[in-house]
Amino acid sequence: MAKQSYATSSLVLGYALCSSLLAIINKYAITKFSYPGLLTALQYLTSVVGVWSLGKLGFLYHDPFNLQTAKKFAPAALVFYLAIFTNTHLLKHANVDTFIVFRSLTPLLVAIADTTFRKQPCPSKLTFLSLVIILGGALGYVMTDSGFTLTAYSWAVAYLVTITTEMVYIKHMVTNLRLNTWGFVLYNNLISLIMAPVFGILTGEHLSVFRAFESRGQTWFELDAFVAVSLSCVFGLLISFFGFAARKAVSATAFTVTGVVNKFLTVTINVMIWDKHANGFGLVCLIFTLAGGIFYQQSVTTKGNVPALREMVADRGNDETDLDKEKQSLVSSPKDSRD
């Protein structure tokens with residue numbers, strides 16, 4: 001039990017760190033490399049090549065890619081792609097504070113969606129109160145900052161809708177599809193990579209990319225742009241692993257709250273490097289947001305919550321089955337591991 005708790009904490013901490021740093025890195029990358037669609041496509045490509053290469057070298061095991069599983073996973077990959085797509089465009093058109101407030105709205109909506117559509121138990125009073133504190137603190141924080149532009153607000157609303165759907169639907173896919181963590185990373189990023197050119201054409205970004213490449217634009221060759229894009233790709237791979245692993249370890253609402261609380265690091269860096277941020281009162285509101293995250297309690301830890309406990313046991317059973325399958329494949333297929 002202690003080992004499982006330590007493993008779960010490590011996965012959540014890894015996701016929190018990657019999520020916090022990736023938001024800053026992506027914001028910086030977008031300012032130096034203003035092609036959000038191409039940037040996310042490079043992230044997907046890095047993740048696919050990374051997982052495939054490490055699998056071939058024997059450092060990890062991922063489920064083999066097959067068309068039937070890909071068809072089942074395609075809707076989840078589409079939702080994931082739309083969430084990343086709207087997130088990147090939001091960071092391009094708005095400041096980090098705008099991103100944070102809309103990201104902070106998701107736990108409450110996910111909790112409602114979990115209860116309504118996934119038939120999860122209603123949050124306890126303390127849990128609901130903590131979610132309201134997170135929402136109120138985040139709103140107060142951003143209300144002290146600059147107003148929204150129409151373009152930024154439109155992308156923010158689109159991001160809110162897609163990220164809420166993604167949080168609930170991906171949790172459903174993780175629970176029901178018999179794939180290990182690296183299998184999810186491979187399927188998710190490969191299918192998203194296939195979708196990337198379609199969205200690039202629909203948004204017209206491919207024309208800007210072609211023009212910049214033909215003119216040998218200076219931003220393509222600047223060292224800081226190269227470093228920013230490279231870091232975003234590496235962290236894209238890391239967050240893919242920690243994101244799926246954390247989703248399997250905790251509830252959808254707990255996973256979403258983790259994403260909100262880890263924005264403390266994002267805001268700290270934001271205050272240090274950007275000139276648009278909230279004043280002292282806004283920082284007090286941020287403390288309330290963090291306090292809401294600290295007071296949050298997963299329903300599975302609430303004494304006497306039998307339905308939630310059943311879900312936790314079922315999720316653990318699925319994880320153990322996946323692990324046994326992975327070990328069996330590694331032991332019983334020496335020929336494959338040598339390839």
Side-chain angles (χ1 to χ4, degrees), residues 15-16 19-24 26-27 82-84 86-116 122-168 251-299:
Y15 168 73
S19 178
S20 299
L21 295 176
L22 185 60
I24 294 295
N26 278 343
K27 179 63 178 178
L82 290 174
I84 300 299
T86 54
N87 174 26
T88 309
H89 280 79
L90 173 58
L91 286 174
K92 179 180 179 181
H93 295 285
N95 56 36
V96 177
D97 294 337
T98 306
F99 165 74
I100 290 172
V101 69
F102 278 87
R103 183 66 174 79
S104 300
L105 288 171
T106 56
L108 186 59
L109 298 181
V110 168
I112 295 173
D114 261 350
T115 303
T116 304
C122 294
S124 65
K125 292 181 179 179
L126 180 59
T127 300
F128 186 81
L129 177 61
S130 68
L131 294 173
V132 172
I133 293 174
I134 290 174
L135 173 62
L139 287 175
Y141 177 83
V142 174
M143 284 176 63
T144 62
D145 201 7
S146 58
F148 303 131
T149 64
L150 180 60
T151 300
Y153 186 77
S154 299
W155 281 113
V157 172
Y159 172 70
L160 176 61
V161 173
T162 55
I163 193 63
T164 303
T165 305
E166 191 256 358
M167 288 293 178
V168 177
S251 68
T253 306
F255 177 82
T256 308
V257 170
T258 302
V260 173
V261 175
N262 71 43
K263 292 303 177 291
F264 174 75
L265 178 59
T266 304
V267 171
T268 301
I269 300 175
N270 181 55
V271 171
M272 296 173 63
I273 66 175
W274 305 111
D275 57 353
K276 293 183 179 181
H277 53 76
N279 55 22
F281 178 76
L283 295 179
V284 172
C285 292
L286 175 59
I287 294 175
F288 276 97
T289 301
L290 297 176
I294 294 172
F295 289 136
Y296 173 79
Q297 295 181 347
Q298 292 188 55
S299 58

_Let me confirm one number: the SG-CD1 distance from C285 to I133, rounded to the nearest 0.5 Å._
12.5 Å

*Straight-line distance of T88 OG1 to Y159 OH, nearest 0.5 Å*: 9.5 Å

_Between T164 (side chain only) and V161 (backbone N and O only), is there a donor and an acceptor less than 3.5 Å apart?_
no

*asked:* For L91 versus K27, what's the shortest heavy-atom pair and its separation?
replied: O-NZ, 2.6 Å

*Euclidean distance, W155 CH2 relative to H93 NE2, rounded to 0.5 Å*: 6.5 Å

*Between T86 and T162, which heavy-atom pair has the shortest distance, and what is it?*
OG1-OG1, 3.1 Å

*Show your reasoning for whether side-chain contact (heavy atoms from CB on, under 4.5 Å) applies to Y153 and F102.*
CA-CA 10 Å; Y153 186 77; F102 278 87; 4.0 Å; yes

*Could you state the interatomic distance from NZ (K92) to CG (N26), rounded to the nearest 0.5 Å?*
13.5 Å

*Atom pair CG/CD of L82 and E166 - distance to nearest 0.5 Å*: 10.0 Å

*At their closest point, which heavy atom of I163 faces which heavy atom of A83, and how far apart are they?*
CD1-CB, 4.1 Å

*Atom CG in L160, atom OG1 in T165: separation rounded to 0.5 Å?*
9.0 Å

